[in-house]
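Order of listing sets the numbers, starting from 1, for every ligand and every atom in it.
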Amino acid sequence: MNILVINCGSSSCKFQLFNIDTGDILAKGICERIGIDGKLTYKPANKADYVSKEPMPDHKVAVKMVLDALVDKEHGVLNDISEIAAVGHRVLHAGKYYSESVIINDDVKRVIKECFPLGPLHNPANLIGIEACEAVLPEGTPQVAVFDTAFHQTMPPKAYMYALPYEYYEKYSIRRYGFHGTSHRYVSKRAAAFLGKNLKDLKVITCHLGNGSSFAAVKNGKCVDTSMGLTPLAGICMGTRCGDIDPAIVPIIMEKEGLTASQVDDLMNKKSGVQGLSGVSSDFRDLSKAAKEGNERAALALEMFEYQAKKIIGSYAAAMGGVDVIVFTAGIGENSDYIREAVCEDMEFFGIEIDKKVNDGNRKESIISKPSSKVTVVVIPTNEELAIAKETEALVK
Ligand code: ADP
């Protein structure tokens, strides 16, 4: 069964076509600069890559170009477009409405639209992608929405409410939603399977550490808390995002620097985090190089990231009444042995004993704690696209 996974941004559309029975990626790529000029980068398996720069006035044209490329005589990987059994869409926000992926119908589209104010950059683009596929795929091709927020919907009110006047929750749906849910769901399930355990018997903390970083406390297979909030700005400091700060800082900076609401939002999302702190880079490889060369602010940024991650792990263990498994995933979690080691350092009192020899240089699915460690620490590479394809398959089968 071939499943096309689509991830539409405001001016881009990433795609991967899976043969879900074998797990093979048949083709992948990205349409960029949609609405500006247009660039399609297309990478078929076992054939030469190519780049096309034909105009892409909107997402419908972009999706059509992707489908044309997939059946192209020279570069194509399918004989006919009807060989695509279903499409899985990454959709940012489902608000409070869905805790699982769903087959897209008019009600689902209405919910995605209703959540525009909660995901103003992503949800409109996600809906455009869905409608573009509807317009160009054979009628009746099932489409599935896989929401970033869905996995976190099992949180209890004490974890998702903010202590603001209750009317803002009622009027504007202001509460914690959490993100990277597809990844947290996938790696928590995968970790249990890898360890030969039942997820329903485990207390797991999943650490998705990438450009954006988030944590989830997963108790008996259900998310009970997560570090991102109403938006993906909350939690620990990230590449360019500040994470949790004293909220009173916001009006003080606005007043002192004469910034508008959207300017201060931009500042906290794009000019803060380890980039803003260090003045060096948002990339952790650059930071560690600079820190080794004696850059004190780069060293401070790394220390803060590690310290904040450690504090979240401690608080989630407290929230769940213990922890059995800690999972590291995403760009930093999978690749950076020194961050994993620093986060788990001096946690023996807590039952965490990292095996430095196994941890060093490890990038694959593996246990990186000592056999004597009460808490099992694992690296589980995430694969959000494959997770979306699998959820899509499960729903349409
Ligand atoms: P995104 O949130 O964009 O999906 P990724 O999960 O791909 O991000 O993570 C990207 C980040 O991973 C980069 O910013 C980089 O700092 C970090 N990273 C990748 N490889 C390494 C490495 N070998 N050591 C440290 N950090 C790494």
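- Between D283 and R285 there is a salt bridge, since at least one side-chain N of the basic residue sits less than 4.0 Å from a carboxylate O of the acidic one.
- Of the listed options G331, S288, S282, G331 places a heavy atom closest to atom 12 (O) of ligand 1.
- Remark: ligand 1 atoms within the under-4.0 Å shell around heavy atoms of G212 are 2 (O).
- At a 3.5 angstrom cut-off on N or O pairs, D283 counts as close to ligand 1.
- Aromatic ring orientation, Y316 versus F215: perpendicular (interplanar angle above 60°, classes split at 30° and 60°).
- Cation-pi geometry between R185 and F151 is not satisfied (NZ or CZ under 6.0 Å from the ring centre, within 45° of the ring normal).
- Note on ring orientation: taking the six-membered ring where Trp is involved, the planes of F147 and Y98 are parallel (angle under 30°, cut-offs 30° and 60°).
- Counted by atom type alone, Y97 and E114 present one or more donor-acceptor pairs between their side chains at under 3.5 Å.
- Linking ILVMFWY residues whenever their side-chain heavy atoms come closer than 4.5 Å, directly or via other members, places M1 and I388 in the same cluster.
- Here the shortest heavy-atom pairing between H93 and G119 reads CD2-N, 4.2 Å.
- Among protein heavy atoms, the minimum distance from atom 24 (N) of ligand 1 is reached at R285 CG, 3.5 Å.
- Polar contact with ligand 1: present for F284 (N/O pair, distance under 3.5 Å).
- Counting heavy atoms closer than 4.0 Å to ligand 1, residue R363 contributes side-chain atoms (C-beta onward) but none from N, CA, C or O.
- Counting only heavy atoms of the protein, atom 8 (O) of ligand 1 lies nearest to N211 N, 3.2 Å.
- Using a 4.0 Å cut-off to heavy atoms of N335, the atoms of ligand 1 that qualify are 19 (C), 20 (N), 21 (C), 22 (C), 23 (N).
- Annotation: cation-pi pair R340/Y338 absent, no NZ/CZ under 6.0 Å from the ring centroid and within 45° of its normal.
- Under the 4.0 angstrom criterion for non-hydrogen atoms, G239 is not in contact with ligand 1.
- Remark: atom 16 (O) of ligand 1 lies closer than 4.0 Å to at least one protein heavy atom.
- Listed by number with element, the atoms of ligand 1 under 4.0 Å from a non-hydrogen atom of S336 are 24 (N), 25 (C).
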